[in-house]
Amino acid sequence: MPNGFDLAAELAVAVQGRDHAWAFIRRFAAEWLAPLAPEDGYDAAELDAAEERLGLRLPAALREAYALLGRRDDLTGNQDTLLPPDKLYVDDTGQALVYRVENQYVVEWGIALDTLDREDPATVYLADMLDKTTERWAPWIDRLSLAFVEIVMSESLFSDDDLADNRELDPETVAVIEELYARAPMPSYPEDEPGTRWFLGPDVLLRDDGQAWLWARARTSQALEDVYKALPGEWYV
């Protein structure tokens with residue numbers, strides 16, 4: 001628990017509302033990466049210009065997120081990409097405002113257009129399918145501010161090769177994770193698939209993607225070594 005930063009306790013508060021989510025992101029960035037600075041966000045004029053170009057009002061939570069950390073690629077763009085305001089777009093179906101894309105563009109994350117009037121709307125995602133008739137926008141995380149907490153934690157998994165690793169999961173290893181690590185106070189998502197779950201250990205974050213793949217990010221090399229000892233197997237790095 002570095003400098004009194006209790007990841008589990010702070011996450012438990014972060015899920016309670018968007019002001020708490022922004023406070024968590026500030027604390028997490030300072031403890032796990034680098035502190036946020038005023039220049040890390042977009043200014044109001046840039047966000048106003050995006051609204052004028054789109055002919056849409058951006059939800060308060062989206063404006064606040066861009067103002068807080070929109071320019072911090074290490075928090076928003078190591079793997080997948082948070083679009084800058086001038087690249088926000090409405091998807092081809094005219095159903096959602098897209099704010100984030102997967103690194104190979106096989107997934108888009110957005111906000112349903114009919115919820116843009118909400119301050120902290122739910123988020124949705126669209127996966128690229130071989131059978132295009134099966135593609136649909138589906139629920140992702142039920143609040144945009146919490147989706148940004150997820151973004152920051154997910155992108156941290158790719159922020160330092162020396163402190164991160166990943167591996168395939170099997171049922172036995174899943175059982176060990178559930179026994180040894182604390183389930184993070186984050187909802188499982190998305191709702192229509194075997195969900196992503198987060199687990200916490202001393203100085204370590206673990207992301208279990210549908211009990212199929214595991215991602216680990218540690219604050220120290222020793223913490224990562226402890227993960228290897230607890231979860232022996234064929235790690236990627």
Side-chain angles (χ1 to χ4, degrees), residues 14-29 33-129 132 135-156 158-159 189-190:
V15 303
Q16 296 177 16
R18 75 178 197 266
D19 288 342
H20 297 300
W22 309 146
F24 170 84
I25 288 171
R26 289 188 185 93
R27 293 272 283 154
F28 181 82
L33 292 146
L36 285 162
E39 61 269 20
D40 291 338
Y42 290 94
D43 61 34
E46 292 169 298
L47 299 172
D48 292 344
E51 290 184 333
E52 184 175 356
R53 175 180 60 84
L54 292 163
L56 300 169
R57 292 298 299 272
L58 302 180
L62 189 61
R63 291 184 64 103
E64 290 167 2
Y66 275 116
L68 177 66
L69 75 158
R71 297 184 185 276
R72 277 288 294 271
D73 289 346
D74 62 327
L75 295 171
T76 63
N78 289 314
Q79 175 72 4
D80 304 321
T81 302
L82 177 68
L83 298 175
D86 63 353
K87 300 298 183 184
L88 291 167
Y89 64 91
V90 175
D91 80 297
D92 292 340
T93 70
Q95 297 181 63
L97 175 67
V98 178
Y99 64 87
R100 187 184 184 214
V101 294
E102 195 266 345
N103 71 91
Q104 297 183 25
Y105 279 78
V106 299
V107 180
E108 297 168 287
W109 289 273
I111 307 160
L113 294 189
D114 61 3
T115 67
L116 290 179
D117 60 337
R118 301 176 188 175
E119 291 191 343
D120 197 5
T123 57
V124 292
Y125 79 106
L126 180 70
D128 186 17
M129 309 293 286
K132 298 301 180 183
E135 291 184 358
R136 65 183 180 89
W137 285 98
W140 181 245
I141 294 176
D142 63 4
R143 283 188 293 105
L144 180 61
S145 58
L146 191 55
F148 270 90
V149 170
E150 189 276 340
I151 287 172
V152 167
M153 293 199 306
S154 287
E155 294 304 316
S156 77
F158 305 92
S159 64
Y189 58 91

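No experiment lies behind these values; they were computed from the predicted model shown. All residue numbers in this chain count up from 1 along the given sequence.
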Checklist entry - Among pairs that include at least one residue of residues 47-62, which meet salt bridge (charged side-chain N to carboxylate O under 4.0 Å, His left out), considering only residues two or more places apart or in two chains? => result Asp48-Arg63, Glu51-Arg57, Glu51-Arg63
Checklist entry - Out of curiosity, Ile111 CD1 to Leu144 CG, how far, rounded to the nearest 0.5 Å? => result 4.5 Å
Next on the checklist: Once salt bridge (charged side-chain N to carboxylate O under 4.0 Å, His left out) is applied, what residue pairs with a partner in residues 104-119 remain, sequence neighbours excluded?
Outcome noted: Arg18-Glu119
Item to check | Non-hydrogen side-chain atoms of Glu155 and Asp80 separated by less than 4.5 Å | outcome: yes
Checklist entry - Do you know which two heavy atoms are closest between Pro190 and Pro139, and how far apart they sit? => result CB-O, 3.5 Å
Next on the checklist: Checking Ile141 against Val149 for the side chain to side chain contact (heavy atoms under 4.5 Å, CB included) test, could you report, in this order, the C-alpha distance in whole Å, the side-chain angles of both residues, the deciding distance, and whether it holds?
Outcome noted: CA-CA 10 Å; Ile141 294 176; Val149 170; over 6 Å; no
Item to check | Counterpart residues, ring pair (Phe, Tyr, Trp, His ring centres under 6.0 Å), relative to Trp140 (two or more places apart) | outcome: Trp109, Tyr125, Tyr189
Checklist entry - Could you give all pairs that pass the salt bridge (charged side-chain N to carboxylate O under 4.0 Å, His left out) test and reach residues 85-94, with sequence neighbours left out? => result none
Next on the checklist: Does Val152 form a side chain to side chain contact (heavy atoms under 4.5 Å, CB included) with Phe148? I'd like the steps, not just the answer.
Outcome noted: CA-CA 6 Å; Val152 167; Phe148 270 90; 5.6 Å; no
Next on the checklist: Let's go through Gln16 and Phe24 carefully: what are the C-alpha distance in whole Å and the side-chain angles of both, what is the deciding distance for side chain to side chain contact (heavy atoms under 4.5 Å, CB included) to 0.1 Å, and is it a yes or a no?
Outcome noted: CA-CA 11 Å; Gln16 296 177 16; Phe24 170 84; over 6 Å; no
Checklist outcome for this item: Rounding to 0.5 Å, atoms CG (Leu82) and CG (Leu75) come to a distance of 10.5 Å
Next on the checklist: Please give me the minimum heavy-atom distance between Gln104 and Glu102, naming the atom from each residue.
Outcome noted: N-OE1, 2.7 Å
Checklist outcome for this item: Looking only at heavy atoms, the pair that brings Leu113 and Gly94 closest together is CD1-O, 3.3 Å
Checklist entry - By salt bridge (charged side-chain N to carboxylate O under 4.0 Å, His left out), which residues pair with Arg136, not counting sequence neighbours? => result Asp192
Item to check | Donor-acceptor pair, side chain of Arg72 and main chain of Ala37, under 3.5 angstrom | outcome: no
Checklist entry - Taking all non-hydrogen atoms of both residues, which atom of Ala147 and which atom of Thr123 are closest, and how far apart? => result CB-CG2, 3.8 Å
Next on the checklist: Looking at Gln95 and Ala112, would you say the former's side chain and the latter's main chain have a donor-acceptor pair under 3.5 Å?
Outcome noted: no
Next on the checklist: Please find the pair of heavy atoms, one from Leu36 and one from Ala29, that lie closest to each other, and give the distance.
Outcome noted: CG-CB, 4.2 Å
Next on the checklist: What I'd like to find out is whether the side chain of Leu97 reaches to under 4.5 Å of the side chain of Leu62, using heavy atoms alone.
Outcome noted: yes
Next on the checklist: Please check this pair: side chain of Asp40 against backbone of Arg71, looking for a donor-acceptor N/O pair closer than 3.5 Å.
Outcome noted: no
Checklist entry - Got a sec, which pairs hit ring-ring contact (aromatic ring centres under 6.0 Å, His included) with one end in residues 42-71, sequence neighbours left out? => result Tyr42-Tyr66
Checklist entry - Taking atom types as modelled, is there a side-chain donor on Ser145 or Asp120 under 3.5 Å from an acceptor on the other? => result yes
Next on the checklist: Give me the atom names and distance for the closest heavy-atom approach of Thr76 to Gly70.
Outcome noted: OG1-O, 4.3 Å
Checklist outcome for this item: dist Glu64:CD -> Leu58:CG (nearest 0.5 Å) comes out at 11.5 Å
Item to check | Steps toward side chain to side chain contact (heavy atoms under 4.5 Å, CB included) verdict (Tyr99, Leu83) | outcome: CA-CA 5 Å; Tyr99 64 87; Leu83 298 175; 5.6 Å; no
